[in-house]
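One structure below.
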Amino acid sequence: MNDESTPLNVFEYEELARQKLSPETWAYIAAGAEDEVTLARNRSSFERLVLRPNLLVDVERIDTSTTLLGQSVAAPILIAPMGQHAFACPDAEVATAAAASAASTIFVASLSSSRSIEEITAAAAGPVWFQMYLFFRDRGRSEVMIQRAQAAGCRAIVLTVDSPRWGRKERNMRTEDDLPWHIGNLAALPPGCYQYRDGAPATWADVEWLRTLTGLPLVIKGILTAEDAALAANHGAQAIVVSNHGGRQLDGAVASIDALAEVVAAVDGRCEVYLDGGIRRGTDVLKSLALGARAVLVGRPILWGLAVNGSQGAAEVLRLLQEELACAMALSGRPTIRSIDRKLVR
Ligand code: FNR
């Protein structure tokens, strides 16, 4: 791409991706559940938060680096788990893994990836975490997935708990059968397995069971209340992702950023807290960190980057967010991640 057409921000990637992708792929990626109230809230709640910068602080050197579960990243901006990257770009999650490595961050690979977990970890220079759902009546299937992820070198298991059923993403419902589902081979499952989801949603008892299967750290994704956050910590989660699945599950649910403070208070340092949903600017990352998140995950923008320019596009989306975060840290007098505190946000 020449300079003039190089996107300056994530929203420009969104527009280019919308132009490039087929209408049914666009609908699959963009959709939120039902009236998309929660999807919209994930953005509007960030816009409502006000920053209180402090000035004349020494911000000559900005350091965005941090650690997550003891693993080093260049910035607290991770790639959220999403299915079917092949819909956005032919190299699918292999391209995404390379992008995460280029940006020195962590890729959370979805159970419903288009490529196998072994291909994905082979393409990544940095840490890969494996996201799964527990929705097979035969829990042995889940055990196999964890074993494969662990053998492939994944460094954490992310259990997504907000999807006992799929939310009704109406924007996508009339066209989802037109999507090229056959091009994926699903990260840790025999082909076709994903469709066998057989209606046995997980409970806290399954979390206990899952913990006995692996020594890998457990991250619980999809928590939105203080009560569930306390339960997650009590059940041994090392981290929580405050998330409403990008507005794709329970419509009307609280925006992730509005749920963050109560979750942070409830876990009281017992586990790390991350957030996803609506992160589009470095200032959104800054606001999340100020309200107590240790990191954020980015979903749709990664697929926009992949659609526009493959692995390089996804890496550029991460680079833009990292650069915007560094700029926002300098402008608000917070030169290190540690210095980002609650007083920064009103
Ligand atoms: C998702 N998300 C998701 N989450 C998960 O745990 N497993 C998955 O397989 C998927 N798949 C998926 C596909 C697509 C197309 C999207 C857009 C989202 C949810 C994802 O991890 C994350 O929670 C949200 O995408 C974050 O919101 P933003 O950044 O997209 O606004």
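All values derive from a computational prediction rather than experimental measurement. Start at 1 and go down the list; that is how both ligands and their atoms are numbered.
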Donor-acceptor list for residues 221-229 side chains, cut-off 3.5 Å, not counting sequence neighbours:
unit_1 : atom_1 : unit_2 : atom_2 : d
Thr225 : OG1    : Asp228 : N      : 3.2

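Within the structure, the closest approach of Phe87 to ligand 1 does not fall below 4.0 Å when heavy atoms are considered. Residue contacts with ligand 1 include Asp276, since one or more of its heavy atoms lies under 4.0 Å from the ligand.
Distances between N or O atoms of Gly278 and those of ligand 1 include at least one value under 3.5 Å. At least one N or O atom of Gly299 sits closer than 3.5 Å to an N or O atom of ligand 1. Checking only distances, Ile279 never comes within under 3.5 Å of ligand 1, N or O to N or O. Considering backbone and side-chain atoms alike, Pro81 places an N or O below 3.5 Å from some N or O of ligand 1.
Of all the heavy atoms of Gln131, the ones lying under 4.0 Å from any atom of ligand 1 belong exclusively to the side chain. Only the side chain of Lys221 comes within contact range of ligand 1, with a heavy atom under 4.0 Å; no backbone atom does. Contacts with ligand 1 closer than 4.0 Å are made by side-chain heavy atoms of Arg280 only, the backbone lying farther away.
Against a heavy-atom cut-off of under 4.0 Å, Ser112 is close to the following atoms of ligand 1: 9 (O). Which parts of ligand 1 touch Thr160 is read off a 4.0 Å heavy-atom cut-off, strictly below it: atoms 5 (C), 6 (O).
Here the CD1 atom belonging to Ile117 is positioned 11.5 Å from the CE atom belonging to Met132, to the nearest 0.5 angstrom.
For the pair Glu93 (side chain) and Ser114 (backbone), a donor-acceptor distance under 3.5 Å is present.
Heavy-atom proximity to atom 18 (C) of ligand 1, evaluated over Met82, Met132, Gln249, is greatest for Met82.
Here the side chains of Glu36 and Glu170 are not in contact, with every heavy-atom distance at 4.5 Å or above. Contact of the Leu297 side chain with the Pro81 side chain is registered, since non-hydrogen atoms from C-beta on lie closer than 4.5 Å.
Residue Ala88 comes nearest to Leu21 through the heavy atom pair CA-CD2, 4.2 Å, listed as atom of the first residue, atom of the second, then distance. The shortest non-hydrogen separation linking Ser332 to Leu286 is OG-CD2, 3.7 Å.
Under a hydrophobic-cluster definition in which Ile, Leu, Val, Met, Phe, Trp and Tyr are linked whenever side-chain heavy atoms come within less than 4.5 Å, directly or via other members, Phe46 and Val37 are assigned to different clusters.
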